[in-house]
2 protein chains.
Amino acid sequence: MNFQQLRIIRETVRRDFNLTEVANSLYTSQSGVSKHIKELESELGVELFYRKGKRLLGMTEPGKEMLRYVERMLLDAANIKNIAEQYSQQDEGQLTVATTHTQARYALPAVVVEFKRRYPRVHLKLHQGSPVEIASLLLAGEADIGVATETLGDVPELASFPYYRWHHAVIVTEGHPLLTVGKLTLQQIADYPIVTYHEGFTGRSVIEKSFRDAGIKADIVLSALDADVIKSYVMLGMGIGIVASVSVDEQRDPGIRKLDCSHLFAENTSRIAVHKGHLLRRFAYQFIEMCSAELTEETVKAESTHDL
Amino acid sequence: MNFQQLRIIRETVRRDFNLTEVANSLYTSQSGVSKHIKELESELGVELFYRKGKRLLGMTEPGKEMLRYVERMLLDAANIKNIAEQYSQQDEGQLTVATTHTQARYALPAVVVEFKRRYPRVHLKLHQGSPVEIASLLLAGEADIGVATETLGDVPELASFPYYRWHHAVIVTEGHPLLTVGKLTLQQIADYPIVTYHEGFTGRSVIEKSFRDAGIKADIVLSALDADVIKSYVMLGMGIGIVASVSVDEQRDPGIRKLDCSHLFAENTSRIAVHKGHLLRRFAYQFIEMCSAELTEETVKAESTHDL
DNA sequence: GATGCTTACGATACCCGTAAAGATA
DNA sequence: TATCTTTACGGGTATCGTAAGCATC
């Protein structure tokens with residue numbers, strides 16, 4: 001048994017049992033991949049994959065059982081390298097934060113500036129994507145930290161922590177009739193076409209739940225990934241917008257007016273997540289602590305051990 | 001990084017940093033061991049061991065931090081092999097049970113017979129030793145299951161479960177004066193020279209605690225590893241004996257009389273232990289379940305995951 | 001001087017990649 | 001036929017063990 005074999009096993013599952021792809025993604029030859037699998041199987045005396053003729057189709061029972069251990073071993077190998085880096089270059093290295101547009105643009109800038117001030121030699125990568133993409137980046141080990149409002153809390157392999165709480169707000173153009181009503185109601189909002197976030201983004205599910213629970217049908221005419229796009233279309237008269245309150249500032253967004261609707265939609269909690277069992281560099285834990293002072297290195301580590 | 005390097009790191013710690021011994025125990029050459037360590041250190045860019053000139057003295061900080069991961073990886077590698085065996089030969093293999101004399105002779109026979117009946121093709125090894133030795137056999141991966149009354153519950157790397165409860169009994173020769181007194185007292189026992197177990201064995205600590213708490217000084221003239229030896233010396237008139245009640249049967253032990261003293265010494269609990277994170281063969285879990293029906297495979301696994 | 005670690009060097013085995021052949025859809 | 005996997009083969013490299021050289025105690 002050697003590490004290349006383990007990497008191949010893991011990658012074979014990730015690449016859906018296509019050995020050619022596996023070879024490419026590991027920068028080696030198909031023949032080598034094939035041989036490694038055979039060798040491991042013969043060493044263990046068990047078939048790891050189902051085959052139909054020459055094609056691989058899936059994992060056998062013993063294969064599935066082993067996979068978790070294979071993954072943990074590779075994780076541990078990465079952890080060892082991480083520790084080494086930690087000691088050889090305390091404040092140097094790379095930190096990849098996977099996040100949604102909303103977080104990157106409105107929540108994280110303060111943290112990023114502070115982080116760069118303290119760790120000028122750490123190369124910080126902001127990787128933007130949907131919450132689902134963020135989760136899979138974390139799981140694949142391609143990102144160290146994930147920040148998003150949706151999804152992250154639902155993946156068992158991730159350890160997630162509350163970052164900050166926020167509400168949606170309704171945005172309208174100057175002179176809009178809604179500006180004159182007092183306290184907004186769901187029905188009043190539903191009287192207008194709505195522009196808001198895509199499904200799976202930035203509390204969209206919370207918005208839908210409110211309308212559904214009230215038995216009101218909302219007319220969502222357009223959905224977008226981020227508040228900036230939504231604002232643009234609101235300005236173009238496509239309808240009223242529902243966005244994260246933090247993403248609108250009446251000073252910086254001339255022509256846009258913000259209406260409180262914290263009484264209409266449930267509060268959202270943005271979360272910070274890490275892959276369980278994935279040991280981070282010290283500065284990565286510092287980054288998380290800068291987001292929320294309660295999230296110390298010990299707190300995060302305690303929640304993110306990998307116990308299978 | 002490869003497995004041989006990891007094995008060498010682990011063994012170097014176990015062998016107290018003597019690379020010659022490491023080489024012998026891994027059946028390879030010193031030169032190879034030395035080179036492997038150097039290579040791993042240079043790959044990681046960190047020194048793992050403190051050196052004074054050419055001698056290794058101990059682990060550096062990063063080395064210590066890595067060690068736990070190294071050990072887990074090697075454990076996981078063993079687990080994978082275990083799974084493979086599990087599937088390739090369901091009811092064949094080897095099971096090593098480390099136990100004290102008392103357990104091997106008086107508690108386990110019934111279980112062993114039953115186990116052999118169900119798994120005739122499993123090679124069962126009974127490894128006898130002191131509780132401390134049993135613990136280290138488990139930790140070194142040389143035994144799968146440990147059974148003893150002392151020590152096992154105190155080692156954090158071991159998961160231990162109650163096996164059965166028992167009391168001590170006093171044994172005397174026929175016609176002994178103690179046979180005529182009614183309910184025994186500690187003082188009456190202390191009036192005679194005592195033969196009992198060694199320190200660290202079979203509830204010896206419980207016996208001492210009772211005397212100490214009562215402020216009575218007992219005269220322990222002889223201590224032995226097992227009840228059979230103790231019985232012999234009692235027969236020779238060295239004194240009265242204190243042994244596990246289960247180890248005396250007035251039918252099978254002619255000339256020996258047993259006196260109840262469950263009111264004098266605290267109850268003992270014999271424990272079954274496994275190394276946390278060490279996955280066992282199915283038949284090993286069956287063995288444990290035969291000892292105590294509540295200890296199912298799930299119960300044991302739940303307590304013995306290795307989360308660092 | 002005995003023990004223990006490192007370096008040098010040659011034989012072996014392992015791993016990888018190219019190329020051709022066989023299977024599958 | 002195009003895609004994918006296996007087998008065959010050659011070059012390169014890593015690993016291992018012996019033996020010699022050096023510290024350390």
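Each chain gets a letter, A, B and so on, in the order the sequences are listed, and its residues count up from 1.
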Under 30°, 30 to 60°, or over 60°: which ring-plane class applies to B/H198 and B/F201, parallel, tilted or perpendicular? perpendicular
Salt-bridge criterion met for A/R15 and A/E11 (N-O under 4.0 Å): yes
Does A/S29 make a side-chain N or O approach to OP1 or OP2 of C/dT18 shorter than 4.0 Å? no
Does the side chain of B/Q128 pick up a donor-acceptor pair with the side chain of B/T99 at under 3.5 Å? no
For B/S31, answer base if it contacts any base atom (sugar-phosphate contacts may also be present), sugar-phosphate if it contacts only those atoms, and nothing otherwise; contact means non-hydrogen atoms under 4.0 Å. base
Would you call B/R271 and B/F161 a side-chain contact if the rule is heavy atoms closer than 4.5 Å? no
Contact check, residues 11-26 of chain B vs DNA chain D, heavy-atom distance under 4.0 Å, returns none
Give, ordered by number, those residues of residues 36-58 of chain B having at least one heavy-atom distance below 4.0 Å to an atom of DNA chain D; if nothing qualifies, reply none. B/H36, B/E39, B/K52, B/G53, B/K54, B/R55
Ignoring hydrogens and angles, state whether a donor on the side chain of B/N82 or B/H278 is under 3.5 Å from an acceptor on the partner side chain. no
Pair B/Y285-B/E298, side-chain donor/acceptor within less than 3.5 Å: no
Boundaries of the chain A footprint along DNA chain D (any atom under 4.0 Å from a heavy atom): D/dT3 to D/dC9
Just checking, any donor-acceptor pair under 3.5 angstrom between side chains of B/S31 and B/S29? yes
Student check: side-chain heavy atoms of A/I37 and A/L40 closer than 4.5 Å: no
Aromatic ring pairing B/Y119/B/F283, orientation class (parallel under 30°, perpendicular over 60°, tilted between): tilted
Does a nitrogen or oxygen in the side chain of A/Q5 sit under 4.0 Å from OP1 or OP2 of C/dC15? no
Whole angstroms only, please: what is the NZ-C1' distance between B/K35 and C/dT7? 9 Å
A/Q86 and A/Q90 side chains, donor-acceptor separation under 3.5 Å: yes
Over how many whole Å does the gap from A/M1 atom CE to C/dC15 atom P extend? 13 Å
4.5 Å side-chain heavy-atom contact, B/R121 and B/D91: no
